[in-house]
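In what follows, a structure is listed as C-alpha cells, so that the remarks can point back to it.
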Amino acid sequence: MIRKLVFALALVLVAAPPPFGPAVRTQDLPNVTVNISYHKAAGRVMVNGVPMHRFAAGAAAEGSSDPSDFVDTGQWMRNGDNEIVVEGHAAAADGFIEVTMVTDVVLPRLAEGRVEGEGAVAATVPIAGLPEWEFLTSAPWTGDPADVLGAVAALHAAIAAKDFATYDAAGKAMEDDRSQVWGPIPEEMRTQMHDFLATAELRTLPEGLAATSHYDGRLWVVSTPDGSPPIFVPDPADPSHGLETGQYWICSDGRWLVAR
C-alpha cells in the first residue's frame, strides 16, 4: 500500500520508508481525513475544487485486500467552510469506491458513501485555526496560462542540471507554509533530498500538460492528461514510485513558486 509521506521540500509518494528522515505528522493541524477503499475503480479527492489526491486500481491480487488510501486534507483547507469531494468511477461492473470522512477525533463521521458506476461523496466542513497559506494570500495571476507551463519546464530543467539552488528557491512558498506549523526544515533533510536528486534519473517532461486556475487565479494546478504531476523522479529501489512535483503553483512578486 502506498503510504503518503510529507518530505521537506515536496509531496512525495513512496512504497517504503524514505531516505529523507521521518514523515511529518499532519495531526498537528486541524484536519479531515478521507478514507477511501476501492476496487476496479479510479477517482480523485478535491478540496474547494482543487484536486489534491488521485487513486486508481484494478482487481486486487489473489489473497490480497483492495487498496485503501488515508488522505489528510489539513494542508489544503482554509478557515471557514471547506467543500471536500471524492469523485470517481468504476472501471468494471463489480467496481466500487467506498468513502468515509472523519475528523481527527474519528467521531462523528462527517460523510460516508459508496460509488458504483460513477458518482461522488461530498461534505462541507467548517474549520478554524489554520495558518493563512500562501496560495490563499498571494496575488492572482490573470495572464497567459502558458506562463506557469514555462515555470514547470524551468523547474524540470533545474532538476536535470542538478541545480539545487534553483530547485530550493522554487519551493520557497511550500517551505514557508510548512515552517508555520512544523518549524524550519532541518538542513540534514534538505541535504538528503539533494543527494537523492543527484543520483536519481529524472523522467522526461510529458506532453499534453494543462494548467487550471483556482482561488481566483491565486493557485494554479498543472497536470498530465491523467491528472498526474508533471515532474517525476523515480525511486531507484522502486521506479513505480518516487518524487512527484511541479503541480501546484503561485505567482509571488513576479516569480512562480511551488505551493505544495
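Basis for what follows: all heavy atoms, side chains included, without hydrogens, waters or symmetry-related copies.
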Exercise. So R260 and E134, salt bridge (Lys or Arg N to Asp or Glu O under 4.0 Å) or not? Walk me through it.
Worked result: CA-CA 10 Å; R260 287 289 182 273; E134 290 200 27; over 6 Å; no
For this session: Using a 4.5 Å cut-off on heavy atoms from C-beta on, say whether the side chain of V71 contacts that of M52.
Result: yes
For this session: Give, for atom CG of L257 and atom SG of C251, the distance between the pair rounded to the nearest 0.5 Å.
Result: 8.0 Å
Seminar exercise, completed: Residues P230 and L205: closest non-hydrogen pair is O-CD1, 3.6 Å
Problem set entry | H156 side chain to R203 backbone, donor-acceptor under 3.5 Å | yes
For this session: Step by step, work out the salt bridge (Lys or Arg N to Asp or Glu O under 4.0 Å) result for E116 and R114.
Result: CA-CA 7 Å; E116 296 176 341; R114 180 181 174 101; 2.7 Å; yes
For this session: Using the rule that two of Ile, Leu, Val, Met, Phe, Trp, Tyr join whenever any of their side-chain heavy atoms come within less than 4.5 Å, decide whether V115 and V86 are in one cluster.
Result: yes
Exercise. Below 4.5 Å, heavy atoms only, C-beta onward: do P30 and M77 meet side chain to side chain?
Worked result: no
Exercise. Heavy atoms, side chains only, cut-off 4.5 Å: are V152 and W249 in contact?
Worked result: yes
Exercise. Is the side chain of Q247 donor-acceptor paired with the backbone N or O of G227 at a distance under 3.5 Å, no angle test?
Worked result: yes
Problem set entry | Test side chain to side chain contact (heavy atoms under 4.5 Å, CB included) applied to W133 and L219, step by step | CA-CA 11 Å; W133 307 122; L219 178 66; over 6 Å; no
Exercise. Taking C-beta and beyond as the side chain, do V233 and L197 meet within less than 4.5 Å on heavy atoms?
Worked result: yes
Exercise. What closest approach, in Å, do E201 and P234 show between heavy atoms, and which atom pair accounts for it?
Worked result: O-CD, 2.9 Å
Exercise. Is W182 close to L29 at the side-chain level, that is, under 4.5 Å between some pair of heavy atoms?
Worked result: yes
For this session: Kindly give the heavy-atom pair with the smallest separation between Y38 and A41, and that separation in Å.
Result: CD1-O, 4.1 Å
Seminar exercise, completed: Hits for side-chain contact (heavy atoms from CB on, under 4.5 Å) against E118, two or more places apart or cross-chain, chain-then-number order -> H89
For this session: Could I get the full list of side-chain contact (heavy atoms from CB on, under 4.5 Å) partners for R78, not counting sequence neighbours?
Result: N48, N82, L136, Y215
Exercise. Between R190 and E187, does a salt bridge (Lys or Arg N to Asp or Glu O under 4.0 Å) hold up when you go through it step by step?
Worked result: CA-CA 5 Å; R190 191 189 307 277; E187 287 305 311; 3.3 Å; yes
Exercise. Please walk me through it: do V99 and N35 pass side chain to side chain contact (heavy atoms under 4.5 Å, CB included)?
Worked result: CA-CA 6 Å; V99 178; N35 304 328; over 6 Å; no
For this session: Any chance you could measure D177, atom CG, to F135, atom CZ, to the nearest 0.5 Å?
Result: 7.0 Å
Exercise. More than 12 foreign heavy atoms under 6.0 Å from CG of D144: is that the case here?
Worked result: yes
Problem set entry | Spacing of M101 atom CE and R109 atom CZ [to the nearest 0.5 Å] | 12.5 Å
For this session: Please list, chain by chain and in numerical order, all residues satisfying ring-ring contact (aromatic ring centres under 6.0 Å, His included) with H39, sequence neighbours excluded.
Result: F96
Exercise. Stepwise, does the side chain to side chain contact (heavy atoms under 4.5 Å, CB included) test hold for D81 with V125?
Worked result: CA-CA 5 Å; D81 286 345; V125 184; over 6 Å; no
Problem set entry | Non-hydrogen atoms of V222 and A211 that approach each other most closely | CG2-CB, 4.1 Å
Exercise. Between atom OG of S252 and atom CZ of R218, what is the distance when rounded to the nearest 0.5 Å?
Worked result: 12.5 Å
For this session: Kindly give the heavy-atom pair with the smallest separation between P229 and E244, and that separation in Å.
Result: CG-CB, 3.7 Å
Exercise. Between the side chain of T166 and the main-chain N/O of D163, is any donor-acceptor distance below 3.5 Å?
Worked result: no
For this session: Decide yes or no on side chain to side chain contact (heavy atoms under 4.5 Å, CB included) for T212 and W220, but give the supporting numbers first.
Result: CA-CA 6 Å; T212 59; W220 285 80; 5.8 Å; no
Exercise. Do D72 and Q75 have side-chain N/O donor and acceptor atoms under 3.5 Å apart?
Worked result: no
For this session: Check whether any side-chain heavy atom of W141 sits under 4.5 Å from a side-chain heavy atom of V148, and report yes or no.
Result: no
Exercise. Quick one: does V102's side chain get under 4.5 Å of V32's, heavy atoms only?
Worked result: no
Seminar exercise, completed: Rounding to 0.5 Å, atoms CD (E112) and CD (E98) come to a distance of 10.0 Å
Problem set entry | Atom CD of E188 with >12 non-hydrogen neighbours under 6.0 angstrom | no
Exercise. Okay, side chain of N79, backbone of L130: is any donor-acceptor separation there less than 3.5 Å?
Worked result: yes
Exercise. Would you say R54 and S228 make side-chain contact, with heavy atoms under 4.5 Å?
Worked result: yes
Exercise. Same cluster for I36 and M46 if Ile/Leu/Val/Met/Phe/Trp/Tyr side chains link at under 4.5 Å?
Worked result: no
Exercise. Rounded to the nearest 0.5 Å, how far does CZ of F196 lie from CG of D235?
Worked result: 5.5 Å
For this session: Return the minimal non-hydrogen interatomic distance between A200 and K162, and the atom names on each side.
Result: O-NZ, 3.5 Å
Problem set entry | Within 6.0 angstrom of D253 CG, more than 12 heavy atoms from elsewhere | no
Exercise. If we ignore angles and hydrogens, is there a donor and acceptor under 3.5 Å between the side chains of T33 and N31?
Worked result: yes
